[in-house]
Structure formats: structure tokens, C-alpha cells
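Just so it is clear, the structure is predicted and the values come from calculations on it, not from any experiment. Any value given below was found using the heavy atoms of this structure, including those in side chains, with hydrogens, waters and symmetry copies removed.
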Amino acid sequence: MHGLFLPTASRSLRQCNNFNGLNRRFIGTRASMRRSYLYVPSGSERMLQKSLGTGSDVIIYDLEDSVAPSPEDKANARANLKKFLKDADIGPSSPQIAVRVNDISTPFFAEDVKEIVSNIKVNAVVLAKTHSAEDLDIISDAIRQAPHADVRAVPVEIIPSLESAKAMWNLRDIAAWKTKHKPRVGGELGALMFACEDYCADTSIIRTPSRRELLYTRSQLVVAAKAFGLDVIDMVCIQYKDKDYLRDECVDGRQLGFTGKQAIHPSQVPIIQSTYGPTPEEILRAAKILKGMREAHASEKGAIGIDGEMIDAPMLKQATKIIAIAEAAGLTIPTV
């Protein structure tokens, strides 16, 4: 709760300075922006070859729903992806690489982790149909046992895909999960992901264009993620040809607190990335707040007025986040 009377101006200044070390949490658990998460079917060699040029912040190579369920098709998709990752030129400027593996109840899960997640080019693994923290223990054990687990410099990021009423019932335990192994070899939780269509199928929720029926669930996800320092990734927009609807859904998700959004077509990526970042007006306001509060702190004041608004510590925190995100996205920060 904000008010005019802060404990001391010096304490507020220390809090402002401390934000510099926390910016990474605000823009993603990795060093770069993660706004768009584009699914690429691993069964399609053509789509694999085009994937790194889509401009998405994160590419999710899919071994699950986009691949036909037969053992032969699953094996072929796994082989396609293994060869592609072996040959792909992936460097610091490339998208981050994630793989969605088949869920732990399938006969495909173990091979997905062994053959694909073991590749050190893979930054993250999306676990489909995560229902409980115990499911995360299982994938952590599998990562630990996979080839090359001990040569990684950084942990594999684990992203549970929450798709059921049971997952939402167990949300706190999932968001609070930690590996029983050292994170470098057992992975670490980095984000929560909402799989809307599966969730609606499980709960009999009827989807409407207003998304009103999903407000409670999506808000729960955001609060849980923020409580444990995680990114939180919003649902796919299945109306992939309707750009206006996609933009509206992106604005809605960002206003709720989501840090990124899943995409099923490359044409969705530019809209997602432009929306999941501050507007020029937001950046200008944030820059004014940072400048004004620096001057206020220098004068032993804890609150100031800017453009008719009373500004104090909570607004300073918000402004610091906005500038951090803008800098990570390469947006212009005006001089004020």
C-alpha cells in the first residue's frame, strides 16, 4: 500500500539501487527477453529448418501434440529434431531453445529426455500435462540420468505446462518446487505455462471471446509465479489469422501480469513481442519517475508529484521494471 509517508528517504534509495540486481527477474529468468514462445512441429523437417529465422525469443520444438501419436511418428520426429539440433548453428544471438516432451505417463517420455534434452543446445524443457510437483521430480530425475548431464554450465530450465484442474489445485506446490539434485544436473524451475484448451477440456469450461471464464485461473497462475520469482506464459491464441483479436488477447495478458505468450504461427510473433513490452508513453513516464525520485532522494524526500500524480516507492518499483524491460528489448529510453 502506498502513501506519502515513507520510513526514510535513504531506505527508499537503497531499495531503488537494489532493483538493479533484480532486473533479470523482471525480464525473464535468463539474461534476454522472453516474450514469444513459438511452437515448431518436430515432425516437419521444413519447419525445423525455417525455425531459427522466425524472430521468436524462444523456439519450442514440439514432440507432443503436433506429432501424430503412433510410436513410429514419435520416433521419426525425435530423430528429425536430434539431427537438426546437431547440425544447427546456435549462438548467443539465436533464439533460446526449448523442447516440449511427451508427458510422463507415455512410453515416449524417457526417450525424449534421453535423446533430445541431453543436447547441451537445449536451454529448457516444457513438460506437458504437469499435474503435481511429483511430476517435476520425475523429469528432474530423468534429466539427471540423461547423457552429458554433468557437462552443463547452467541448469536445464523446467517449464511445467498446466493443463488440468488437478494442476491448478496443486499450483502452490508446483510453483514452489525445487529439484532434489544439484540444479546444474537436475534442472530448475523457470516459468509456469498455461495450456488453455486442454484446461477447458478437463474442466468443461466453455471458451468465449471475452475470456471472462478464464480470469480466475489466469490470475492465480500469475500470482503463484510472481510469489516464487518465475516467468509466467499465457495461453495460445488459436485465432491465428485474426491479428486484432491476438493483439487484444496480448494486451489482456500483459495487463494481468503475464511475461510472455505462446504462439502457433510465425505471423503471431511480431504482435506478441511488440505488445509484451512497454509502450513509448509508459517508458517516458517511467523515465520521469526515475529522474524525479533520484532528485527527491537527494533532497531527503520520499515522495513527489509528477504530471498530477503522487509518486512514491511502489511507483518507483514499477518504473524501474519498465525501464529494465525496455532496455532488454532494445527500446529507446528518452532523456528527461
Side-chain angles (χ1 to χ4, degrees), residues 1-2 25-29 34-37 39 58 60 64-65 100 103 126-136 157-178 189-240 242 244-264 268 271-272 275-279 282 314 317-318 321-322 325:
M1 186 166 181
H2 49 263
R25 282 183 56 196
F26 301 145
I27 63 174
T29 53
R34 301 194 307 174
R35 300 156 294 182
S36 55
Y37 295 72
Y39 287 100
V58 182
I60 303 177
E64 198 222 7
D65 281 351
R100 180 166 70 171
D103 75 84
V126 177
L127 180 60
K129 299 176 176 60
T130 302
H131 301 301
S132 68
E134 288 74 21
D135 294 349
L136 299 177
E157 180 180 354
I158 298 173
I159 304 175
S161 180
L162 307 181
E163 312 183 10
S164 66
K166 186 176 180 181
M168 294 305 300
W169 186 259
N170 293 323
L171 180 58
R172 184 193 180 283
D173 291 340
I174 292 171
W177 176 85
K178 303 287 185 185
L189 201 64
L192 302 178
M193 176 179 282
F194 183 41
C196 170
E197 303 308 323
D198 294 271
Y199 179 74
C200 289
D202 185 63
T203 58
S204 300
I205 287 175
I206 299 173
R207 288 278 274 117
T208 68
S210 73
R211 301 173 294 276
R212 177 184 59 84
E213 65 282 355
L214 296 170
L215 177 60
Y216 175 69
T217 300
R218 291 166 75 211
S219 298
Q220 276 189 306
L221 278 165
V222 170
V223 171
K226 305 296 182 177
F228 292 96
L230 305 172
D231 288 350
V232 56
I233 308 160
D234 202 9
M235 58 196 181
V236 163
C237 179
I238 58 176
Q239 288 88 359
Y240 70 94
D242 189 337
D244 290 336
Y245 185 82
L246 171 62
R247 186 173 288 103
D248 181 66
E249 196 168 281
C250 289
V251 170
D252 178 47
R254 182 171 175 246
Q255 289 174 344
L256 285 176
F258 284 92
T259 57
K261 188 172 182 65
Q262 300 161 77
I264 53 174
Q268 294 181 314
I271 293 175
I272 292 173
T275 309
Y276 274 91
T279 65
E282 290 171 339
K317 183 177 180 180
Q318 293 169 14
K321 291 180 184 181
I322 287 171
I325 293 170

Can you name the nearest heavy-atom pair linking [X] to [Y], along with the distance?
X	Y	answer
I322	E282	CG2-O, 3.9 Å
T130	L136	CG2-CD2, 4.0 Å
I174	A167	CD1-O, 3.7 Å
P278	R254	CA-NH2, 3.5 Å
R34	G190	NH2-O, 4.1 Å

Open item on the list: Strictly below 4.0 Å, N to O, side chains only: are R211 and D248 in salt-bridge contact?
Closed with: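 Answer for the salt bridge query: yes.
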Answer whether the closest heavy-atom distance between the side chains of [X] and [Y] falls below 4.5 Å.
X	Y	value
D135	K129	no
I206	E213	no
L230	T259	no
W177	F228	no
V236	C196	no
F194	L214	yes
L246	Y240	no
I233	V58	no

Open item on the list: Can you confirm whether more than 12 heavy atoms, excluding those of R172, are under 6.0 Å from its CZ atom?
Closed with: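 It does not: R172 CZ has 12 such atoms or fewer within range.
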Check whether any side-chain N or O of [X] sits under 3.5 Å from a backbone N or O of [Y] as a donor-acceptor pair, and report yes or no.
X	Y	result
D173	S132	no
Q268	C237	yes
Y199	I205	no
K261	T275	no
Q262	Y39	no

Task: Distance, nearest 0.5 Å, that separates CG of D103 from CG of L127 - done: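 So the gap between those two atoms works out to 7.0 Å.
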Open item on the list: Given E197, which partner from the list E163, M235, R207 fulfils the side-chain contact (heavy atoms from CB on, under 4.5 Å) test?
Closed with: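 Exactly one pass, corresponding to R207.
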